[in-house]
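Order of the sequence lines fixes the chain letters, A, B, ..., with proteins taken first and strands second; residue numbering starts at 1 for each chain.
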Amino acid sequence: MLTRDFFNRPTMKVARDMLGAVLIHNSPAGKTAGIIVETEAYLQGDPACHASRGKTRRNAAMFGPPGTAYIYLVYGIHCCFNTVTMPTGTGEAVLVRALEPLEGLELMKRRRGIADVKGLCSGPGRLCQAMGLDRQYNGMNLSSPSLYIQQGAVPESIVTTTRVGISQGQQLPYRFYIAGNRWISRK
DNA sequence: CCGAGGATCATCT
DNA sequence: GATGATCCTCGGT
């Protein structure tokens, strides 16, 4: 299991090193797991980072200790899952944007309301729905038996691009994904 | 395959 | 009162 020491490092490193790791959720409904294949870094002083304009009710979890989950609602419908990084109080985090489904695919499909695995966890909102992650997990520490991240295979090659869906800081190369992976949210 | 448009609501100003 | 770190559907190619 990846613990606080892993997350208590520079956010860009954590964002890259999370690729290949496995996100696991043991819920009452069953176990689901997926390989992290796409991430984005959100840094201090970065206009796209929710914490860049100070602490508010929504982003309070970002100011918690490294390894804290930050889960919030976007567009009134979908959740996004982040892991808090760096020394406590900087408000930096890594957004998980896509998973390669590994375990509990039937449960994932049921939660998503789809019959095919196509795009099952490809996108921040989709993966939260498939994994059963919602705001009740906001602020939870990731070294918990029900929600944690495990070390996985180190990717052969990582692609760096600009981030998706933001209006500020669009030119910053803070998105990472496993080269050639079929489950990323978009090329 | 691709782009446009709409859904939907907690949080922030 | 405005705004999203999104996704689905639908219509056109």
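In terms of heavy-atom proximity, A:C128 sits nearest to A:C79 at SG-O, 3.5 Å. Across A:G30 and A:R111, no two heavy atoms sit closer than the pair O-NH2, 4.5 Å. When all heavy atoms of A:I184 and A:A98 are compared, the closest pair comes out as CA-CB, 4.0 Å. Contact between A:P101 and A:L99 at its shortest, heavy atoms only, is CD-O, 3.5 Å.
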> Quick one: what's the B/S/- string for nucleotides 6-13 of chain B, heavy-atom cutoff under 4.0 Å, read 5' to 3'?
Replying inline: -BBBSSS-

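Between A:W183 and A:C121, the closest side-chain pair of non-hydrogen atoms is not below 4.5 Å. Looking at A:Y177 and A:V37, their side chains never come closer than 4.5 Å, going by heavy atoms from C-beta outward. For the pair A:S52 and A:Q44, the minimum side-chain heavy-atom distance is 4.5 Å or more. Here the side chains of A:L147 and A:L23 are in contact, with some heavy-atom distance below 4.5 Å. You'll find the side chain of A:D17 stays beyond 4.5 Å of the side chain of A:L2, heavy atoms only.
Residue pairs meeting the side-chain hydrogen bond (donor to acceptor under 3.5 Å, both in side chains) criterion with at least one member in residues 112-132 of chain A, sequence neighbours excluded: A:R112-A:Q129.
A side-chain hydrogen bond (donor to acceptor under 3.5 Å, both in side chains) with A:T11 is found for exactly one of A:D46, A:T39, A:T85, namely A:T85.
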> Given A:F6 and A:I149, is the side-chain contact (heavy atoms from CB on, under 4.5 Å) satisfied, shown in steps?
Replying inline: CA-CA 10 Å; A:F6 175 85; A:I149 296 177; over 6 Å; no

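In the region residues 106-125 of chain A, proximity to DNA chain C at under 4.0 angstrom, judged on heavy atoms, holds for A:R112, A:G123, A:P124, A:G125. For the segment residues 39-50 of chain A, the set of residues with a heavy atom within less than 4.0 Å of an atom of DNA chain C comprises A:Y42, A:A48, A:H50, in numerical order. For residues 136-143 of chain A, proximity to DNA chain C is found at no residue, defined as any non-hydrogen atom under 4.0 angstrom from a strand atom.
Residues satisfying the ring-ring contact (aromatic ring centres under 6.0 Å, His included) criterion with A:H78, sequence neighbours excluded, are absent altogether. For A:Y174, there are no side chain to side chain donor-acceptor pair (under 3.5 Å) partners two or more places apart in sequence or in a different chain. Scored by the side chain to side chain donor-acceptor pair (under 3.5 Å) test, A:S185 finds A:E38, A:R97 as partners (sequence neighbours excluded). Applying the salt bridge (Lys or Arg N to Asp or Glu O under 4.0 Å) criterion to A:R58, with sequence neighbours excluded, gives no partner residue.
When DNA chain C is scanned in the 5' to 3' direction for atoms under 4.0 Å from non-hydrogen atoms of chain A, the outermost contacting nucleotides are C:dG4 to C:dC8.
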What pairs of donor and acceptor atoms, side-chain ones from residues 69-77 of chain A against any protein atom, are under 3.5 angstrom apart with sequence neighbours left out?
residue: A:Y70; atom: OH; partner: A:H50; partner atom: ND1; Å: 2.7

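A stem is defined here as three or more consecutive Watson-Crick or G-U pairs, each with both distances under 3.5 Å; for DNA chain B these stems are B:1-7 with C:6-12, B:9-12 with C:1-4.
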